[in-house]
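Lettering of chains follows the sequences in order, A, B, ..., and the numbering in each one begins at 1.
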Amino acid sequence: MQPSSLSGLPAGVGEALEAEGVAELYPPQEAAVEAGVVDGESLVAAVPTASGKTLIAELAMLASIERGGKALYIVPLRALASEKKAEFERWSEFGVTVGVSTGNYESDGEWLGSRDIIVATSEKVDSLIRNGAPWIDDLTCVVSDEVHLVNDSGRGPTLEVTLAKLRKVNTGLQTVALSATVGNADVIAEWLDAELVESDWRPIDLRTGVHFGNAINFDDGSQREVPVDRGEEQTARLVADALDTEEEGQGGSSLVFVNSRRNAESAARKLTEVTGSRLTTDERDRLRELAEELRSVSDTDTSEDLADAVEQGSAFHHAGLASEHRSLIEDAFRDRLIKVISATPTLAAGVNTPARRVVVRDWRRYDGDFGGMKPLDVLEVHQMCGRAGRPGLDPYGEAVLLANDADGMEELFDRYVWADAEPVRSKLAAEPALRTHVLATVASGFAATREGLLSFLDNTLYATQTDDEGRLTAVTDAVLDYLAVNDFIERERDEVDGTERLSATGIGHTVSRLYLDPMSAAEMIDGLRDACADDATNTTDAMPAESGEYERVAPDDADGEPGFGTYSPVGDADDDVGDADDDTDDAAGEEDGKRTDITPLGCYHLVSRTPDMYELYLKSGDRETYTEICYERETEFLGDVPSEYEDVRFEDWLASLKTARLLEDWADEVDEDRITERYGVGPGDIRGKVDTAEWLLRAAETLASDVEGIDGDAVLAVRRARKRVEYGVREPLLNLAGVRNVGRKRARRLYEAGVETRADLREADKAVVLGALRGREKTAERILEHAGREDPSMDTVDADASASAAATAGSSGGDGGGDGQSSLGDFG
DNA sequence: TTGCGCTATGTCTAGACAGCATGTC
DNA sequence: CTAGACATAGCGCAA
């Protein structure tokens, strides 16, 4: 079937596709057309990755737009949103416009309504529905990419409920669901009233095999000789073999999947021996440049190790990397500059990074709940394998699993090579998921009674899958109780017909719109109220002692009451607790003359113990460290501190305290590398935590001003804490850090040089500013401009030496151009 | 006593969505 | 029911 033979598309689209090289539709695409995607039929396409799924979606969207409609494309990852947008923008010559909306990035509110195609994450779509985005009603076509995500217990329910809502608002909405090949695509099709196209067809052949001994044994019965010498690593040998195989003059790059960050890093280091000796001089030069760029992203060991490996043509990839690291690596890999990446599953589901050969080195991963090493899902391994085969470069892709012996090889063949992916199962009937979605469903008017709610939930995948109707009802009732107790919904019995009416309270609406887990909201409200109540009854001793030591007093009543231990301050310090270099006293706190007992640490702990913040893991020794801090700073926590004897709860509390301390360190201008070292995290983790904290603190501010019993001082305290964590600076630097292109580092340098505020920036001696910014004229000019200075030009200005010295003394190390990584507007 | 190399024991473990609008004399 | 890479402590031994 030729693209130009399709009717219903905007004029010229078929020809344009043919000009792009799509002479014939792929078989699955043809099947989709036959099933009626171009005519507005709903469709589930369960086909392998990179087999032209996107084109199926494009045909549906373009045809829908041609009929005067509007399309929504739901992506599973923020990073994919921009990738898809760029892809769809090639239709702009046919008048098709594209907009993106994710938590991160938004191509302007009102404006979205005028776009023909909108790309968004499922959570963002959910949020837009909750907030009543007007264009939702205008949708005629929705595409859900990677629908098998409904199987995920954390995020699946959101996708499920969101699709149900879209279809409810918009009867006759064309639903196109793109899925990996899963065990029960038919059930998904049944749920969505859609036609089903299922296929294993791939445009680039994929050979899957298992390496054992001296050869890879492929699923098609062929073998490839890859002898492993004694003392040599299987992985290294396979990567070398791919590189040495010249196909059309190209050595093939590889992707190695491993099961932990540490393994990813150590594998990358080992693989430098393979890649380093196979580089041209030109590649070496370009890699050195890339390495410098990577180093300047962040002053951490992770950054350094990554750059060292990259200089040799090898890289690692995991969520501890900063996002700038990740995209630099991905781009360089696509450009074939980097020869091998060893990665955790980040890369399996993320942006498109095909390789000639994929090596699945580890097929088991630690899982605490499982109690050991758990075999990966078949679906996950298939996704990894699916990354093999670069379109236009490789005649076929190779995916290789590793076995140590014949038995192992047989097991891998049975378990993964021959196996079909697991069926997808809805995870909706769980309290955390329903807590959020029941509230949102009631708040945004999709249901007004318990029965209405249950009948709405009948439109979900869960309902079409389950044979146990009772379970969903039971969990829903439990959740309704929870929401009512916490004052998020109201239940009123109608005197006439006896039905129970459900409605969201004011605060319930707010929680729904803020996209908070109601439990997070409840925790934050309780904590802040508690602090304000203490404040009112206890104004004189509410002041936290600056350096006081606290000694725990065991609960005085040993009866069965599950109460909390009581703690009281003790005047005399008898030992030296805490790092000397780590004083967190915040002199600036007193500057406004009004002391509130809500400290940043208190705020950070409050949001850290919320279910919306995922926990940092307590390592050995952490228990003691943080128990100690818990007593030392007992007065700062908002709400009750659980007793040390209440094991599980206390453990969670300490884990949250660890997160809170990380945030506090960040807000105290502790160097990034100190933080990564101290908490055992990567630069990417810090950014993630900071972002989440920022979001939750902002939500806490909104809640606090909406709710009874929380005073204005508390709101201000939360705001201050939020700004400090947002910019990563102490109080006095807040003003400076608000200037674009001034992050925590530049703000500190300017401050040390005597430029203390935005206003100073406009008045200050340019030589001083330039000195503080280490002589970088362009940076200085941009900053002055953003500060509102009339004449930002730095021509004829010489850097002031003493300012430069003061600035350097203030911060450690860190050269390279990309400093100030905490500022959003930074560029390379 | 010092230094070395070995083994027993202990430690640690993937990923990632959301909101929101800034400041000024 | 289930792991494995790596670091560190602890030990025996030889010089």
Side-chain angles (χ1 to χ4, degrees), chain A residues 74-81 101-106 109 120-128 130-131 149 152 154-159 162 257-267 270 317-321 323 343-350 361-368 370-376 380 404 436 440 510-517 520 610 612-614 617-622 680 682 684-685 687-689 691-703 719 722-723 726-727 734-740 757-759 762 786-788 824-825:
Chain A
I74 303 177
V75 288
L77 256 30
R78 283 198 296 236
L80 286 170
S101 180
T102 68
N104 242 5
Y105 173 77
E106 170 129 19
T121 55
S122 38
E123 286 79 6
K124 186 65 188 192
V125 177
D126 186 16
S127 168
L128 288 164
R130 296 181 188 196
N131 286 288
L149 190 75
D152 183 280
R155 301 180 55 205
T158 302
L159 179 56
T162 300
F257 285 105
V258 298
N259 64 2
S260 74
R261 293 179 178 189
R262 198 170 61 171
N263 284 338
E265 296 186 13
S266 72
K270 283 181 206 152
H317 190 286
H318 58 64
L321 298 183
S323 54
T344 57
T346 8
L347 221 52
R361 197 194 76 176
D362 302 332
W363 55 279
R364 282 180 291 215
R365 187 166 50 221
Y366 179 82
D367 180 339
F370 185 72
M373 299 301 277
K374 187 182 179 183
L376 301 187
E380 202 174 341
N404 302 318
T436 300
T510 305
V511 170
S512 170
R513 280 199 308 267
L514 288 171
Y515 212 78
L516 288 174
D517 182 329
S520 299
T610 257
D612 278 308
M613 177 85 85
Y614 89 109
Y617 183 82
L618 282 186
K619 301 185 184 185
S620 77
D622 281 355
D685 299 300
R687 286 312 309 172
K689 287 271 177 289
D691 272 356
T692 309
E694 210 180 304
W695 163 50
L696 289 171
L697 287 167
R698 201 180 283 269
E701 280 172 53
T702 309
L703 286 174
R719 176 167 308 155
R722 188 203 84 214
K723 285 189 177 168
E726 181 176 346
Y727 299 130
L734 278 178
N735 183 285
L736 265 184
V739 179
R740 259 192 78 188
T757 62
R758 175 185 288 256
R762 282 196 293 263
H786 289 137
L824 296 167

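Across the C1' atoms, C:dA3 and B:dC17 are found 31 Å apart, a figure rounded to whole Å. The C1' atoms of B:dA14 and C:dC1 are separated by 23 Å, rounded to the nearest whole Å.
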Reading 5' to 3' and counting Watson-Crick or G-U wobble pairs with both distances under 3.5 Å, write the dot-bracket notation for DNA chain C, | for bases paired outside the strand.
..|||||||||||||

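Within the 3.5 Å criterion, the main-chain N or O of A:K124 finds a donor-acceptor partner in the side chain of A:T121.
By the salt bridge (charged side-chain N to carboxylate O under 4.0 Å, His left out) test, A:K689 pairs with no residue at all, sequence neighbours left out. Among residues two or more places apart in sequence or in another chain, the salt bridge (charged side-chain N to carboxylate O under 4.0 Å, His left out) test is passed with A:D685 by A:R261. Take A:R365 and apply the salt bridge (charged side-chain N to carboxylate O under 4.0 Å, His left out) test, not counting sequence neighbours, and it matches A:E380. Under the side-chain contact (heavy atoms from CB on, under 4.5 Å) criterion, A:D362 pairs with A:V258, A:N259, A:N263, sequence neighbours left out. Scored by the side-chain contact (heavy atoms from CB on, under 4.5 Å) test, A:T436 finds A:R130, A:D517, A:P518 as partners (sequence neighbours excluded). Residues that satisfy the salt bridge (charged side-chain N to carboxylate O under 4.0 Å, His left out) test with A:R722, not counting sequence neighbours, are A:E701, A:E726. Scanning for side-chain contact (heavy atoms from CB on, under 4.5 Å) contacts around A:A81 gives A:V75, A:V100, A:T102, A:V119, with sequence neighbours left out. Remark: A:W363 engages A:P375, A:E411, A:L412, A:R415, A:Y416 in a side-chain contact (heavy atoms from CB on, under 4.5 Å) (not counting sequence neighbours). In this structure, the ring pair (Phe, Tyr, Trp, His ring centres under 6.0 Å) partners of A:H318, at least two apart in sequence or on a different chain, are A:F316.
In this structure, A:N735 reaches the sugar-phosphate backbone alone: every heavy-atom distance under 4.0 Å involves primed, P, OP1 or OP2 atoms, never a base. Using a 4.0 Å heavy-atom criterion, one finds that A:R365 contacts the bases of the nucleic acid, with or without backbone contacts as well. In this structure, A:D367 reaches neither bases nor backbone, as no heavy-atom distance under 4.0 Å exists between it and the strands shown.
A:N259 has its CG atom 14 Å from the C1' atom of C:dT2, to the nearest Å. Nucleotide B:dC12 holds its P atom 16 Å from the CD atom of A:E265, rounded to whole Å. One can place CG of A:D622 at 12 Å from C1' of B:dT11, the figure rounded to the nearest angstrom.
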Nucleotide by nucleotide, 5' to 3', does protein get under 4.0 Å of the base (B), only the sugar-phosphate (S), or neither (-) in nucleotides 15-22 of chain B, counting heavy atoms?
BBBBBB--

Look for any protein N or O under 3.5 Å of an N or O in nucleotides 5-10 of chain C and output each such pair with its distance, or none.
from	atom 1	to	atom 2	distance (Å)
C:dA5	N3	A:R262	NH2	3.3

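Of the nucleotides present, none pairs with B:dA21 by Watson-Crick or G-U wobble criteria with both distances under 3.5 Å.
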What do the steps show when you test A:S520 against A:D612 for side chain to side chain donor-acceptor pair (under 3.5 Å), and what is the final call?
CA-CA 6 Å; A:S520 299; A:D612 278 308; 2.8 Å; yes

